[in-house]
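Down below is the structure, laid out as C-alpha cells.
As the structure is a computational prediction, the values presented were derived from the model and not from experiment.
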Amino acid sequence: MIDEVKASEEYGLQVSRAIEQEWFNQGRSNGNRYLTAWNNFHRLRLYARGEQSAQKYKDELSINGDLSYLNLDWTPVPILSKFVDIVANGISQKTYDVRAYAQDPESVKKRTNYASALAFDMVAQAEIEEAMSATGINIAKSNIPTADLPRTKDELELHMQLSYKQAIEVAEEEAINTILKTNKYDLIRKRLNLDLTTIGIAAAKTSYNTANGIVVDYIMLI
C-alpha cells in the first residue's frame with residue numbers, strides 16, 4: 001500500500017512542493033535557502049579570485065563614512081588565489097586507477113576456485129615437486145610456476161588483489177577508462193577540485209544519449 005502511494009503522481013507533487021517550499025518560498029526580501037547558498041558561493045569565488053568587495057575595509061578605516069583624507073588603493077591583493085591553486089593542484093595530482101571486481105555468482109566462483117587452487121599448491125608444494133620428479137606428472141592445480149607461488153596467506157591475498165584479473169574485469173576497466181578519456185574527465189576533475197577548494201562542494205552529472213553515448217558533464221553550482 002505504501003509503495004502504491006509513493007508511486008502516485010499526487011505523492012510526487014507533494015514531495016516537489018515540499019522541496020520548493022524549503023528552497024524558494026521564503027521570499028526574495030527575507031532571503032531563502034537558494035539565494036543564501038548562491039550569495040555564499042559567489043562571495044567565496046570572489047575571495048578565491050582576489051576580487052572581493054573592499055567595502056568592509058573602507059568601513060573599518062573611515063570616520064563617520066568619510067574617506068576623503070585617505071589616499072589609498074583599495075584594489076584587493078590576490079593572495080588567496082595562489083593558495084587556492086596550490087591546494088586544487090595538490091588534489092589533482094593524487095591520481096588513482098580504476099579497479100573493477102566482478103560480483104556475479106559465476107565470477108565469484110571462478111575467483112574462489114582459483115584461490116583454492118593456489119592455496120592447495122602452497123600447502124602441497126613439496127609433494128607436488130616430489131611427484132613431478134618421480135613420475136613427470138604435474139599434479140598442481142594452478143598454472144603458476146612453483147617459484148612464483150605465494151608463501152603465506154598475506155601473500156596469497158595480495159596476489160589475488162594485484163595479479164588475478166578476469167577478462168570481464170579487464171574489459172570493464174578499459175570501458176570506464178575509455179569513457180573518462182572521451183569525456184576529457186581530467187579537465188572536468190580539475191574544475192571539480194577547484195570547486196571543492198573554493199566553496200567546499202562540487203558536482204558532476206552522468207547522462208546517456210544515442211548520439212554521444214555516456215556523457216560526463218561538469219555542474220556549475222549556483
Side-chain angles (χ1 to χ4, degrees), residues 19-20 22-63 65-101 158 161-163 165 169-222:
I19 296 173
E20 181 185 21
E22 179 181 359
W23 280 87
F24 300 103
N25 280 6
Q26 296 178 10
R28 289 184 176 273
S29 59
N30 298 328
N32 55 51
R33 187 173 178 180
Y34 173 83
L35 290 178
T36 300
W38 187 93
N39 289 326
N40 185 45
F41 291 167
H42 181 64
R43 177 178 58 84
L44 291 174
R45 287 191 171 104
L46 289 177
Y47 270 97
R49 296 195 302 263
E51 300 174 359
Q52 70 272 22
S53 172
Q55 187 58 47
K56 69 175 184 178
Y57 310 119
K58 295 178 180 179
D59 294 340
E60 289 290 337
L61 296 176
S62 65
I63 299 176
D66 184 16
L67 292 171
S68 59
Y69 67 96
L70 290 177
N71 184 19
L72 297 176
D73 181 7
W74 296 102
T75 304
V77 180
I79 297 176
L80 281 180
S81 58
K82 173 184 177 181
F83 294 99
V84 168
D85 290 340
I86 291 174
V87 174
N89 291 336
I91 299 174
S92 298
Q93 290 173 1
K94 295 180 179 179
T95 58
Y96 59 90
D97 295 325
V98 175
R99 297 292 185 187
Y101 295 96
L158 190 62
Q161 292 178 6
L162 301 179
S163 300
K165 186 67 65 175
E169 296 172 339
V170 175
E172 187 71 23
E173 291 175 1
E174 290 296 326
I176 294 173
N177 288 325
T178 300
I179 291 170
L180 295 178
K181 186 176 180 179
T182 303
N183 285 275
K184 298 181 179 179
Y185 186 72
D186 288 342
L187 300 179
I188 296 176
R189 186 163 171 258
K190 289 181 179 179
R191 300 182 70 181
L192 294 175
N193 293 337
L194 183 60
D195 278 353
L196 287 174
T197 305
T198 303
I199 63 177
I201 186 173
K205 180 180 71 172
T206 303
S207 59
Y208 176 83
N209 62 68
T210 55
N212 301 314
I214 299 175
V215 179
V216 182
D217 292 313
Y218 164 79
I219 303 298
M220 178 70 174
L221 296 173
I222 54 179

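- Within a 6.0 Å radius of CZ in R189, other residues, nucleotides and ligands contribute more than 12 heavy atoms.
- Under the 4.5 Å side-chain criterion, counting only non-hydrogen atoms from C-beta, N40 is not in contact with T36.
- In this view, S92 and K190, N193 satisfy the side-chain contact (heavy atoms from CB on, under 4.5 Å) rule, not counting sequence neighbours.
- Considering only heavy atoms from C-beta on, S207 comes within 4.5 Å of D217 through its side chain.
- P78 and R49 make their closest contact through CB-O, 4.3 Å (heavy atoms, listed as atom of the first residue, atom of the second, distance).
- Proximity of Q52 to R43: side-chain heavy atoms (C-beta onward) are nowhere separated by under 4.5 Å.
- Between atom CG of residue L196 and atom CD1 of residue I91 there is a gap of 6.0 Å, rounded to the nearest 0.5 Å.
- Across G50 and P76, no two heavy atoms sit closer than the pair O-CB, 3.7 Å.
- Distance check, rounded to the nearest 0.5 Å: CG of L44 to CG of N39 gives 11.0 Å.
- Inter-residue side-chain proximity for F41 and I201 is flagged as met; some heavy-atom pair is nearer than 4.5 Å.
- Listed here is the closest heavy atom pair of T198 and V84: OG1-CG1, 3.9 Å.
- Here CD1 of I188 is found 9.0 Å from CG of L180. Values are rounded to the nearest 0.5 Å.
- For residues 192-216, the salt bridge (charged side-chain N to carboxylate O under 4.0 Å, His left out) pairs, not counting sequence neighbours, are R45-D195.
- Among residues two or more places apart in sequence or in another chain, the side-chain contact (heavy atoms from CB on, under 4.5 Å) test is passed with T206 by I214, V216.
- The minimum heavy-atom distance linking E173 with K165 is given by the pair OE2-NZ, 2.8 Å.
- Judged by distance alone, with hydrogens and angles left aside, the side-chain atoms of N209 form a donor-acceptor pair with the main-chain N or O of A211 at under 3.5 Å.
- Summarising the geometry of L192 relative to Y218, their closest heavy-atom pair is CD2-CD1, 3.8 Å, with the distance given to 0.1 Å.
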